[in-house]
Amino acid sequence: MAVENPNTVDTSQKIGSLLLKNPIITASGTFGYTNEYEEFMELKSIGGIVTKGITLNPRQGNPQPRIKEVHGGLINSIGLENIGIQAFIEKKLPVLKENNINFIVNIAGESPEEYKKIASICQENEINAIEMNLSCPNVDKGCLEFGKDEESLYKLVLEVRKVFRGALIVKLGSNVSYPEKIAIAVQNAGADAISAINTVKAMHVNINKNYKGFKFIKGGLSGQSIKPLALNFIYEIKKHTNIPIIGMGGISNLNDMLEFFAVGSDAIQIGTGTFTHPNLSEKLAFKLENFMKVNGYNNLQALIHSLRTEDMNKNGND
Ligand SMILES: Cc1cc2nc3c(=O)[nH]c(=O)nc-3n(C[C@H](O)[C@H](O)[C@H](O)COP(=O)(O)O)c2cc1C
């Protein structure tokens with residue numbers, strides 16, 4: 001319930017066993033492994049960070065060029081370049097712990113066994129939260145394939161749930177025919193939360209100057225152009241699930257964030273927006289707090305509840 005201009009507001013949010021200071025998290029692949037963005041912002045001003053995607057073995061990623069700015073966003077085909085879980089545990093985990101950073105480790109595998117192995121290593125090393133990437137469009141094997149079919153997805157998440165006791169978040173993409181079936185499978189398998197959406201399969205084309213032939217880059221589209229897809233995806237899965245949803249896809253200002261809360265998100269992630277404004281997540285944390293104070297919401301749940309009161313004139317214009 002709204003109260004008159006509270007001096008302090010409670011922006012905290014819980015995702016399974018993970019307590020966030022506020023619902024703003026930076027998205028995997030856009031914020032490094034640890035404290036790389038420390039020179040741009042105060043890392044403790046946000047709810048947490050998601051690490052770059054980590055696989056069992058180190059990966060070199062796809063050949064260059066693998067990133068292209070397009071109207072309203074980016075197409076990337078990084079292909080999960082990373083140092084692998086062992087090097088992550090040895091070199092990056094101590095930095096995260098020493099700096100008291102609230103973090104979620106994003107993991108990806110080429111097979112169910114690989115996901116299980118990485119999750120076990122995370123458990124052994126007392127990592128509090130993992131995000132299973134089941135939706136990366138930029139790798140040949142694994143990932144996206146598991147995230148498309150609800151039965152194999154259910155089995156995979158169930159297996160990971162057996163070995164990992166911390167907050168288990170499953171990241172989905174919109175490249176699926178029945179989002180609600182996929183989301184129900186994730187919930188039934190025991191995940192604590194769903195995060196969505198990953199990048200969307202896309203292509204950029206450059207016609208040669210002499211109009212003979214063309215060059216292209218294929219990859220995953222992110223940024224403002226995917227926001228409507230992301231909002232619709234979250235709205236659809238929210239109707240069929242009751243675990244928390246972490247929404248993302250093109251969030252670049254306070255209003256975008258509020259739209260994600262309205263359709264069903266309990267927290268949000270900032271991805272591509274960080275590339276234009278490295279401290280965007282910090283700015284949004286301040287803006288959210290200020291918005292709540294000015295509008296009399298003394299806690300985040302009150303704001304989310306108020307936003308979710310659906311307008312009956314569903315198809316009306318603004
Ligand atoms: C350069 C780049 C690298 C990414 N790497 C990963 C990754 O390793 N794992 C993952 O789950 N998502 C990855 N993503 C997807 C983002 O985490 C996010 O889901 C997506 O970009 C949508 O959010 P945005 O529009 O705010 O960027 C990557 C995105 C970009 C742009």
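Just follow the structure's listing: the first ligand is 1, and inside any ligand the first atom is 1. Keep in mind that this is a model prediction, so the values were computed, not measured.
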Which heavy atom of P94 sits nearest a heavy atom of I89, and at what distance? CD-O, 3.4 Å
Give the atom numbers and elements of ligand 1 that come within less than 4.0 Å of a heavy atom of K171. 10 (C), 11 (O), 12 (N), 15 (C), 16 (C), 17 (O), 18 (C), 19 (O)
Are K117 and E114 within salt-bridge range, i.e. N to O under 4.0 Å? no
Whether the side chain of N82 engages the backbone of T55 through a donor-acceptor N/O pair (distance < 3.5 Å, no angle test) should be reported. yes
Region of T272 that comes within reach of ligand 1 [heavy atoms, distance under 4.0 Å]: both
Numbered atoms and elements of ligand 1 in range of M248, under 4.0 angstrom, heavy atoms: 18 (C), 19 (O), 23 (O)
Looking only at atom types and distance, does a side-chain atom of N232 sit under 3.5 Å from a main-chain N or O of P228, one as donor and one as acceptor? no
Would you kindly specify which portion of N198 sits under 4.0 Å from ligand 1, judged on non-hydrogen atoms: side chain, backbone, both or neither? both
Just to check, does N82 reach to within less than 4.0 Å of ligand 1 when the distance is taken from its heavy atoms? no
Considering only NZ, NE, NH1 and NH2 on the basic side and carboxylate oxygens on the acidic side, decide whether E159 and K116 come within less than 4.0 Å. yes
Validation row: F31, I270 side chains within 4.5 angstrom (heavy atoms): no
Can you list the atoms of ligand 1 that are under 4.0 Å from a heavy atom of L80? 8 (O)
Within the 4.5 Å heavy-atom criterion, are T199 and N76 side-chain neighbours or not? yes
Below 4.0 Å, non-hydrogen atoms only: which portion of Q224 touches ligand 1? Side chain, backbone, both or neither. neither
Would N106 count as being in polar contact with ligand 1, using the rule that some N or O on each side must be under 3.5 angstrom apart? yes
Any nitrogen or oxygen of N133, main chain or side chain, under 3.5 Å from a nitrogen or oxygen of ligand 1? yes
Closest heavy-atom approach to atom 14 (N) of ligand 1 among G273, G219, S28, G173 is made by S28
Going by the order shown, which atoms of ligand 1 are within less than 4.0 Å of some heavy atom of G53? 8 (O)
Under 4.0 Å to a heavy atom of G250 - the qualifying atoms of ligand 1, by number: 24 (P), 25 (O), 26 (O)
Enumerate the side-chain hydrogen bond (donor to acceptor under 3.5 Å, both in side chains) contacts for residues 249-259, please, sequence neighbours excluded, ordered by first and then second residue. Q224-S252, K227-D256, K227-E259, S252-D256, N255-E259
Using a plain distance cutoff, I'd like to know if I78 has any nitrogen or oxygen under 3.5 Å from a nitrogen or oxygen of ligand 1. no
Sub-3.5 Å donor-acceptor pair from the side chain of D266 to the main-chain atoms of I245, do we have one? yes
For A27, atoms of ligand 1 separated by under 4.0 Å from a heavy atom: 17 (O)
